[in-house]
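Here is the structure we will look at, set down as structure tokens.
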Amino acid sequence: MSKNLVIVESPAKAKTIEKFLGENYQVKSCFGHIRDLDKGDDAIDISNGFKPKYIIPEDKTAVVNELKKLSKGADMVWLASDEDREGEAISWHLSEVLGLDETRSKRIVFHEITKPAILKAIENPRSIDKNLVDAQQARRLLDRLVGFELSPVLWKKVKPSLSAGRVQSVAVRLIVEREREIQGFQSKSAFRIIAEFEFNGKKFSAEFPKRFEQKEDALKFLESCTSSDFIVNSVEVKPGFRKPAAPFTTSTLQQEASRKLGYSVSQTMTIAQRLYEAGHITYMRTDSVNLSELALNAAKDEIISAYGKEFSNPKKFTTKSAGAQEAHEAIRPTYFENHEAGADDQQKRLYDLIWKRAIASQMSDARIERTEVKIDITKNREILVASGEVITFEGFLKVYLEGKDESVEDDEQGSGLMPALKSGDKLKNLSIIGTERFSRAAPRYTEASLVKDLEELGIGRPSTYAPTISTIQKRGYAEKESREGTKRNYEVLTLIDDKIKIETKTENTGAEKNKLFPTDIGMVVTDFLMKNFNHIMDYHFTASVEKEFDEIASGSQNWTKMLDEFYHPFHKTVDDTLKISEKVTGERELGKHPENGLPVFAKIGRFGPMIQVGDGADEIKPVFAKLKKGQSIDTITMDEAIELFSMPRVLDEFEEKPMKVGIGRFGPYIQHNSKFYSMGKEDDPYTVNSERAVEIILNKRQADAEKFILELPKDIIVLNGRFGPYFTQNKENYKIPKGVDPKSLTLEYCESIIKETKDNPKPKSSFRGKKK
DNA sequence: CAGTGAGCGAGCTTCCGCTTGACTT
């Protein structure tokens, strides 16, 4: 047995470090936290100085037992968890659980996985920093107290099974407020004037610096340009430069992979995890932009050999984001000389992005030359401005340019090459075009742009961005959706050969792809929390508690005192809210029903957002209808509300039985002869006609007929299913292995599959919803 | 599977941050 046991958090890290340290050291991983607060409400003894009750979760017992065994046989245990608040706590929990003391254990830290860094760490051990551990305990307990006291308030006042927390509730708030901003946005249009010129055979464009809000003014302007000369007034050339972005952190990697590769936040993390495990990149959950000395040198060598000396510009970046703890390096390739890595196409593309970003960060600035030309319109004495940009030295742009999020601005700014001009040059005008442009509302959040804003507010950590986004969707607070835009007309005024032409064109606007939309529940919960728990919902709440955690870490504040001061006022608000607040449904009265005069409400009911007609007065029972997908109690109109009651619709008879259209738990359906036929996305249940309904029924019948492949003895039936061929027996379905022809299946073969499936029962998946 | 929305009420839900892995019906 080795004399030395080193414990790190990640198994991939353990493998690498073991190679550096030689045979006297055994390196093992604890897989993150090994203890956590007990599950229920008794995990914190509030009246006893917030005494926490920690347990070892079930899925950690095996790891802990192994570490216990190994640590007993070791002379020295080196606690090498990450150098941040959570890492310090992991070391402390390990030393508690493994029963270590100062004579048998040492705490070491490093924030880069390089041989010199590890050896240096071994030479400079320290003991566990209890203040830092206390800061972590304060963080953990505060989150539990907030989450486990707020959530039950929601169960009572809004709906069971909801949740609230320091991070998720603010994430939802961002989405809700953005949506309301968009709903309330009044788009304004103005005419943008662009003139096309030609000089020495080269074409370029210039813009009039003002925009005209009125069409008449734009027309007047065009008229005033007729039969004018266009003379260059001045040419100004300014040098400029562009700097490369810092190497990736988790957040910037997620943003850029979303912009350039279209990956979701969780997809990016899974793919990066694979690259990390294969040793291609450094750790992917990091908030640091720092590169190790080793990496700086390796990047420099690679840049010089691949692009030349003038492209190398080694530099260190410093982290600006709030609350960064910098336990790791930035995300970078482990070996810069590998321009390609990854087991599949997705991994290769992400690696390529990481490689380029890290390499570019160590390259020279790009030098550019910006030209601004002012052009006199002799007729009306106005001035047009043409601008162009030329790259005089590529620098880092040779390999990489950071992507952009969509913005409120039109960014069709001319940036092309300009002809060589000097003042006094007379230009040939090809056209002057006034185009109506509309102002745009702030864009809805993508997963990645939400992460960006959360990070800027210091809310959440690299390891939680992806899970937070999945939580708010799982709770039904937000949905990722794509929406088709609507058509909009705009006018184009063209001046060519002294003649003005007016045209109306159409464009698509408001189309959204994979954006986060708040649900009605998300809005109602946010409004409720904003009204009653303003403090927790404040965008700066996390930043202010972080400041206190820092004080605890530095020893200038006592952790139980901090919790004490936070908890009691908070708890009183919880109690008061439970007492005072009514149950909230987000109810909004749309008006009186045009036919029967009953009040019409939009609100959240037991089964989600709905419309209610009547309030139960005069013994008239209210009637209810569910909202359609994409509708919201915030914005639904009376007409849309009334349309919802046209369900179920009765269509013509088919084969002497009536057809009915309804919307059920699984979406719209057609009912005929006591059978149900699901309607696809392409049909609208509110407008579908009898002809189409018959088609849907016949299609389903045909699919069912084709479903059948083979019948075998013992009630085994081979069928075609949604996921390919399968066979069924006693209501159990069995998958047919790839490459096996379903027509050739035999009883023996099927029975062997049944036996194999039963011998290897499916493990319980924590992602599955529980049966009710 | 595809109706629900009254009321009673047992027992359950829930946080954030560290790590992977076993699932793809």
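A, B, ... follow the sequence lines: proteins, then strands. Residue 1 opens every chain.
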Quiz item: Touch check for Y276(A), heavy atoms < 4.0 angstrom, all strands: base, sugar-phosphate only, or nothing?
Solution: sugar-phosphate
Quiz item: Do the side-chain N or O atoms of R140(A) get closer than 4.0 angstrom to the phosphate oxygens (OP1, OP2) of dC18(B)?
Solution: no
Quiz item: What is the nucleic acid contact for R85(A), judged by heavy atoms within less than 4.0 Å: base, sugar-phosphate only, or nothing?
Solution: nothing
Practice problem: Mark this stacking check for W155(A) against dT14(B) as yes or no, applying ring centres under 5.5 Å and ring planes under 30°. | Solution: no
Practice problem: Looking at every strand, decide which applies to Q671(A) at a 4.0 Å heavy-atom threshold: base, sugar-phosphate, or nothing. | Solution: nothing
Quiz item: NA contact type, R139(A), heavy-atom cut-off 4.0 Å: base, sugar-phosphate, or nothing?
Solution: base
Quiz item: Which residues pass the side chain to side chain contact (heavy atoms under 4.5 Å, CB included) test with S10(A), sequence neighbours left out?
Solution: A12(A), K13(A), Y276(A)
Quiz prompt | Sequence-distant partners of E18(A), side chain to side chain donor-acceptor pair (under 3.5 Å), two or more places apart | solution = none
Exercise. For P11(A), answer base if it contacts any base atom (sugar-phosphate contacts may also be present), sugar-phosphate if it contacts only those atoms, and nothing otherwise; contact means non-hydrogen atoms under 4.0 Å.
Key: sugar-phosphate
Quiz prompt | Parallel, tilted or perpendicular: ring planes of W92(A) versus Y54(A), cut at 30 and 60 degrees | solution = perpendicular
Exercise. Describe the nucleic acid contact of E277(A) in one word from base, sugar-phosphate, nothing, applying a heavy-atom distance below 4.0 Å.
Key: sugar-phosphate
Quiz item: With a non-hydrogen cut-off below 4.0 angstrom, is Y283(A) in contact with a base, only sugar-phosphate, or nothing?
Solution: sugar-phosphate
Quiz item: With respect to the phosphate group of dT19(B), does any side-chain polar atom (N or O) of S10(A) fall under 4.0 Å of OP1 or OP2?
Solution: no
Quiz item: So, do V153(A) and N532(A) sit near enough that their side-chain heavy atoms are less than 4.5 Å apart?
Solution: no
Quiz item: Which part of the nucleic acid, if any, lies within reach of D59(A) when heavy atoms closer than 4.0 Å are counted: base, sugar-phosphate only, or nothing?
Solution: nothing
Self-check item: C1' atoms of dG9(B) and dT13(B), separation to the nearest Å
Solution: 16 Å
Quiz item: Does the side chain of Q273(A) get closer than 4.0 angstrom to OP1 or OP2 of dT20(B) through an N or O atom?
Solution: yes
Quiz item: Roughly how far apart, to the nearest Å, are dG7(B) and dG3(B) at atom P?
Solution: 23 Å
Quiz item: Any idea which of dT14(B), dG17(B), dT19(B) is nearest the D82(A) side chain?
Solution: dT19(B)
Quiz item: What nucleotide among dG5(B), dC15(B), dT20(B) has an atom nearest to a side-chain atom of M610(A)?
Solution: dG5(B)
Self-check item: Sugar-phosphate only, base, or nothing, as touched by R144(A) at under 4.0 Å among non-hydrogen atoms
Solution: base
Quiz item: What is the nucleic acid contact for T471(A), judged by heavy atoms within less than 4.0 Å: base, sugar-phosphate only, or nothing?
Solution: sugar-phosphate
